[in-house]
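Worksheet: the structure to be examined is printed underneath.
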2 protein chains.
Amino acid sequence: MRKKKPDIDRIFHALGDPSRRAILEKLSDGPVSVSRLAEPLAITLAAVVQHLQVLEESGLVRTEKLGRVRTCRIETAGLAAAEEWIRDRRSVWERGLDRLGDLLEEEE
Amino acid sequence: MRKKKPDIDRIFHALGDPSRRAILEKLSDGPVSVSRLAEPLAITLAAVVQHLQVLEESGLVRTEKLGRVRTCRIETAGLAAAEEWIRDRRSVWERGLDRLGDLLEEEE
DNA sequence: CGAATAGTCAAGCCTTCACTTAACTAAATG
DNA sequence: CATTTAGTTAAGTGAAGGCTTGACTATTCG
């Protein structure tokens, strides 16, 4: 059993919120400061900071503070983990489809 | 502007819950009845039914009732949409990395 | 220096959410 | 027919979640 999971639980929880996904979308264009991130978002700076905390704890975002500006960037490893989880579910299922309605169980 | 989303919102919300992901994991081995789905899950049948509703409304699962048994199966299109969203974020980011070869250090 | 800028922290407020219990319907089985 | 099996629905509860306000800390600028 592999124990070294990049916290799939926190990752998917973080991805579950639309504001957080919006942040990631913005961030995928490149590193952005917190207030710049907040600008288009119809919510308070404070709220953005809270989302950022969740994103950082889940490993989806990395931030770094220089002077009074905190710069945020996407951490691809987190996204990759989520993508992998999904791909796994899909591929197992599609392998199952090869049976084409057969009631035989798997092997392996 | 673009309205043609396969309900990314509901999909990621659905994926955000661990019980729901457990259901999907089980389902990726092949179609299963509701009560069989509930068996390993430390929650009530009623709770499972509710999760199933969320999963079905999000398009991640399709169900079909024959007699008194409802059979559930994974709908790969939903998973594919989520996977695509993630891949998009990643690829845009990685493209950006090519342009700006700025300083970034991996920490472990 | 004083003022503006960029964040941070802590309560508190609602709303949403997962889950339970309990009462109920419909189909298979003895 | 009576019972068990499989699922459905409704109502309620407690906890978590997203967001706001407001007070506070650093840093940069005129």
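Proteins get letters first, then strands, A, B, ... in listed order; numbering begins at 1 in each. These numbers come from the heavy atoms of this one structure, side chains and all, not from hydrogens, waters or symmetry mates.
Put simply, B:Ile23 and B:Val49 are part of the same group of oily side chains (I, L, V, M, F, W, Y) that touch within less than 4.5 Å, one to the next.
Using a 4.0 Å heavy-atom criterion, one finds that B:Arg20 contacts the sugar-phosphate atoms exclusively. Within 4.0 Å of A:Leu45, counting heavy atoms only, lies at least one base atom of the nucleic acid. Residue-level contact check: A:Ser35 touches the backbone only, with heavy atoms under 4.0 Å from sugar-phosphate atoms and none from bases.
Contact of A:Gln50 with D:dT20 (side chain to base): a donor-acceptor pair of N or O atoms is detected under 3.5 Å.
B:Arg73 has its side chain within reach of B:Glu64: a pair of non-hydrogen atoms, C-beta onward, lies under 4.5 Å apart. Using a 4.5 Å heavy-atom threshold, the side chains of B:Leu15 and A:Leu15 count as separate. Annotation: side chain of A:Val32 is not in contact with side chain of A:Cys72 (no heavy-atom distance under 4.5 Å).
The side chain of B:Arg68 approaches D:dT4 more closely than any other nucleotide in the set D:dG7, D:dC19, D:dT4.
First and last contacting nucleotides of DNA chain C toward chain A (any atom under 4.0 angstrom from a heavy atom, 5' to 3' order): C:dA4 to C:dC9.
Residue whose closest nucleotide on DNA chain D sits further toward the 5' end, between B:Arg70 and A:Thr44: B:Arg70. In terms of position along DNA chain D, the nucleotide closest to B:Ala46 lies nearer the 5' end than the nucleotide closest to the other residue of the pair B:Ala46 and A:Ala47.
In the helix from C:dC1-D:dG30 to C:dA27-D:dT4, the end axes, each obtained as the rotation axis mapping the C1' atoms of four pairs onto the next four within a five-pair block, lie 30° apart to the nearest 10 degrees.
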